[in-house]
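Start at 1 and go down the list; that is how both ligands and their atoms are numbered. These figures come from a predicted structure and were not determined experimentally.
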Amino acid sequence: METDIVSNIMGIRQRMTAAAERSGRNPENVHLMAVSKTVPPERVQQAIKAGITWFGENYVQEAREKIPAVGQNVSWHMIGHLQTNKVKYVVHLFDWIHSVDRIELARELDKRAAQNQRTLKVLIEVNVSGEVSKSGAEPSRVLELVRQISVMPNLNVQGLMTMPPFFENPEEARPYFVALRRLRDKIEGENIPGVQMKELSMGMTGDFEVAIEEGATIIRVGRAIFGERQ
Ligand SMILES: *Cc1c(COP(=O)(O)O)cnc(C)c1O
């Protein structure tokens with residue numbers, strides 16, 4: 001059966017509004033990003049028709065084919081682990097990079113962005129859970145990383161991103177969202193010139209309501225929009 005992207009998005013928006021209101025937040029301060037990994041261009045077009053303007057991709061090769069194929073004026077976000085040697089293939093495709101977790105990657109992004117005469121918005125991906133299998137910077141190193149990136153002319157730090165461990169019960173993800181928000185507040189308090197710490201990219205299909213209650217400004221939703229991935 002064809003998933004109804006339009007009604008999926010409507011349902012998600014209602015749940016987003018309810019979660020924001022429950023926690024005394026303005027629903028307009030939460031942005032719904034559609035995660036389109038493995039989703040073909042035609043289905044991305046349907047999501048655009050349904051009003052989505054931000055899309056997240058994980059894989060360089062897939063993005064290099066899909067983004068030109070979609071060919072519309074929407075905003076693309078790199079949310080997957082990025083190898084430094086692949087940066088040159090993607091700087092012209094993405095407006096945001098959510099997965100900056102090390103200084104070498106930031107340096108390469110800054111250099112290639114300059115060559116393409118553009119500025120990238122970046123989020124620092126944080127490994128809040130400390131799982132060894134996860135990418136993301138250690139929380140204790142994030143402040144230093146932000147300071148180093150703050151002087152790079154072609155990167156603009158906008159905030160933090162995380163992906164907690166998977167839980168059946170989304171309540172169990174809450175402490176990780178709280179930890180990311182507190183780290184954001186701490187770094188924001190440092191008032192580093194050129195650094196914005198407004199954005200918290202957290203929450204996916206299984207846990208976006210909890211993430212919104214804890215301050216998410218960008219939620220990254222794939223399956224709830226496009227259906228289960230193959
Ligand atoms: C795949 C992915 C998502 C979306 O996950 P869903 O469970 O499909 O909503 C969000 N963030 C990242 C980093 C992902 O890799």
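- Classified by interplanar angle (parallel below 30°, tilted 30° to 60°, perpendicular above 60°), the ring pair H31/W54 is parallel.
- Taking the side chain to side chain donor-acceptor pair (under 3.5 Å) definition, one finds that S133 meets it with nothing, sequence neighbours left out.
- Looking at N127, V128, L183 one by one, the single match for side chain to side chain contact (heavy atoms under 4.5 Å, CB included) with T162 turns out to be V128.
- Checking T84 against R102 by side-chain atom types alone, a donor-acceptor pair falls below 3.5 Å.
- The existence of a salt bridge linking K88 and E108 is excluded, since no basic side-chain nitrogen approaches an acidic carboxylate oxygen closer than 4.0 Å.
- A donor-acceptor pair under 3.5 Å is absent between the side-chain atoms of D207 and the main chain of P170, judged by distance alone.
- In this structure, ligand 1 sits under 4.0 Å from heavy atoms belonging to V35, K37, N58, I79, M163, M204, T205, R220, V221, G222, R223, R229.
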